[in-house]
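Bear in mind that the values here come from a model prediction, so they are computed numbers and not experimental data. So you know, we letter chains A, B, ... as the sequences are listed, proteins then strands, and number each from 1.
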Protein chains: 2
Amino acid sequence: MNRPGLRERKKIETLHRLQEEALRLFDEHGYDATTIEQIAEAAGVSPSTFYRYFPTKEDVVVQDEYDPLIVNVFESQSADDAPLDALRAVLSVLFAEFTDADIERVRRRVRMIFAVPALRARQVQQTVATEELLARMVAERTGRSPGDLEIRHFTALIVTSWTVAISAWAETDGGKDDLAATMDRCLAHLEAGAPL
Amino acid sequence: MNRPGLRERKKIETLHRLQEEALRLFDEHGYDATTIEQIAEAAGVSPSTFYRYFPTKEDVVVQDEYDPLIVNVFESQSADDAPLDALRAVLSVLFAEFTDADIERVRRRVRMIFAVPALRARQVQQTVATEELLARMVAERTGRSPGDLEIRHFTALIVTSWTVAISAWAETDGGKDDLAATMDRCLAHLEAGAPL
DNA sequence: CTGTCATTTGACAGTAGCTATCAGAATTTC
DNA sequence: GAAATTCTGATAGCTACTGTCAAATGACAG
C-alpha cells in the first residue's frame, strides 16, 4: 500500500550519493585529506545534511544493514542444529543473495576499512553490536544467559573468525565463492581448536 | 652508568600524574565531559605538554607497555611447546610479576575502556599491533609466513580470547588468580573448538 | 488547485580534539 | 660557568561534530 513517496526516494538517493562520492574522494585524495565539506559539496548538499545521514565521518564507509538480516536468517534455522552450524548456514544464505556488484562494493569498503585505522576502530563498535546480537540469539537457543562467559567467548570468536576471513578475502580479487570458502576454512579451523 | 637523571625522573613523574589525574577526572565527571585542558591543569602542565606525552586523549587510558614484555617472555619459552601452550605460559609469567596495586590499576582501566566506546575503539588499534606481533613470533616458530591465513586466524583468536577473559574478570572484584583462571578457562574453551 | 501541516534542509555560531611553530626556560655536558 | 640539547608554554589554525532557527519542500485534505 505504502508507495515509496518522492520524499523517501530522494532521501535514499542522497544517502547513496553521499556514500559514493565519499568513497571516490577517499580513494582519490585519501581519507584524512578529505573533509566533510568536500563530500557534501560533491553530493550537492550542505555539511549539515551530511550529519543528518551519518553520525560520523567514519560511518559513511562503515555503516551497513546486515544485522537485521542475520537475525532473520538465524531464526529461520532449525533449532536442532548446533549454534556454529546455524551460523555457517546464515552466511551461505546471505551470500547467495549478493550480486557481483554487491560483492565488489563490499570488497572496496573492506579494503578501505582495513587500510584506515580510524575506520577500523569505528568498525569495531559495530562489530560489538553484532556480537551482542549473536550472544542474545545463541543464549536463547541454548537456554543460557547472554552474559555467560562461554556464550560471550563463543560469539566473540565467531565474529573474529568472520573478520579474519573477510579481511583475507578482500586482499584477493576472488568472487563470492572464494569469500564463502575462506569463511568455511576459518570456521573449520576454529571448530578444530585452532591447531597449528 | 646512565643514571636516571633529573630530567628523566621528571618526565616519568609528569606522565604518571597526567594518567592519574585523567582517570580521576573521567571517573568523576565522565570521559566526554572532561577536556584535555582540565586534565592538563589538574596535572600542572599546559595542554601542549599533554599532547607531547599522549598522541590522543584516549591514549592516556589505553596506552600500556606490555608488548615488549610479551616478546621477551615468549622468546624465552622452549621452542618445543605448541604455540598455544607457550602463550599460556607467557601469561603466567607476566601475571606473577603483578603487584596488587598493578592489578587494581588494570581493573580500573579495563572497566573504563569497556564502558567508553571511544576508548574501546582505540584499544583495538593497540590490539591489532599486538596481534601482528604475535603473528610474527608464532610464524617464525612454526616456520610459516606471518601472512598465512591460519597464523592470522590463530593469533586473532588468541587475542580475542584474552580480551573476553579480561573484560569478564574486570566486571568482578577478583584478584590476579581469578584473572589467570579466567584466561585459562577461555583458552581451554578455544582449544576445544568453542563447544556449547 | 490551494492552504495547511510535517519533514527536510541550509546557515550560523560554538565547542573541543589535534597539529604546527617558535621563543624562552630548564637540564645536561664539557 | 658557557654552550648545546631538550622540554615547555603560548599562540594560531584546521576540522570533526553539536545545537538552534528560519526557509524550503513534499504530503495531504478539502
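- Rounded to an integer number of Å, the gap from CZ of A:Arg122 to P of D:dA16 is 15 Å.
- Atom NZ of B:Lys11 has 12 or fewer heavy atoms from other residues, nucleotides or ligands within 6.0 Å.
- Applying the ring-ring contact (aromatic ring centres under 6.0 Å, His included) test to every pair with at least one member in residues 86-110 of chain A, sequence neighbours left out, gives these pairs: A:Tyr66-A:Phe98.
- Remark: the A:Arg7 side chain and the C:dT8 base include no donor-acceptor N/O pair separated by less than 3.5 Å.
- The NZ atom of B:Lys11 sits 17 Å away from the P atom of D:dT5 (whole-angstrom rounding).
- Residues that satisfy the side chain to side chain contact (heavy atoms under 4.5 Å, CB included) test with A:Glu104, not counting sequence neighbours, are A:Arg107.
- One atom, CZ of A:Phe50, and another, P of D:dT18, lie 11 Å apart when rounded to the nearest Å.
- The stretch residues 51-60 of chain A comes close to DNA chain D through A:Tyr51, A:Pro55, A:Thr56, A:Lys57, each having a heavy atom under 4.0 Å from the strand.
- The CG-P distance, from A:Leu119 to D:dA16, rounds to 13 Å in whole Å.
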Could you list the donor-acceptor pairs under 3.5 angstrom formed between side-chain atoms of residues 186-196 of chain B and any protein atom two or more places apart in sequence or on another chain?
| from | atom 1 | to | atom 2 | distance (Å) |
| --- | --- | --- | --- | --- |
| B:His189 | ND1 | A:His153 | ND1 | 2.8 |
| B:His189 | NE2 | B:Pro195 | O | 2.8 |
| B:Glu191 | OE1 | B:Arg88 | NH2 | 2.6 |

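- Judged as a ring-ring contact (aromatic ring centres under 6.0 Å, His included), and not counting sequence neighbours, A:Phe114 has no contacts.
- For B:Lys10 and C:dA26, the shortest distance from a side-chain N or O to OP1 or OP2 is not below 4.0 Å.
- Between A:Glu8 atom CD and D:dC28 atom P there is a gap of 11 Å when expressed in whole angstrom units.
- Residues from residues 17-49 of chain B lying near DNA chain C, meaning a heavy-atom separation below 4.0 Å, are B:Thr34, B:Thr35, B:Ile36 in numerical order.
- The salt bridge (charged side-chain N to carboxylate O under 4.0 Å, His left out) analysis of residues 147-156 of chain B, with sequence neighbours excluded, yields the pairs A:Glu171-B:Arg152, B:Arg144-B:Asp148, B:Arg144-B:Glu150.
- Remark: B:Asp27 pairs with B:Arg108 by the salt bridge (charged side-chain N to carboxylate O under 4.0 Å, His left out) rule, at least two apart or across chains.
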Donor-acceptor pairs under 3.5 angstrom involving side-chain atoms of residues 14-21 of chain A: please list them, not counting sequence neighbours.
| from | atom 1 | to | atom 2 | distance (Å) |
| --- | --- | --- | --- | --- |
| A:Thr14 | OG1 | A:Lys10 | O | 2.9 |
| A:Arg17 | NE | A:Ala43 | O | 3.0 |
| A:Arg17 | NH2 | A:Ala43 | O | 3.1 |
| A:Glu21 | OE1 | A:Arg24 | NE | 3.3 |
| A:Glu21 | OE1 | A:Arg24 | NH2 | 2.7 |

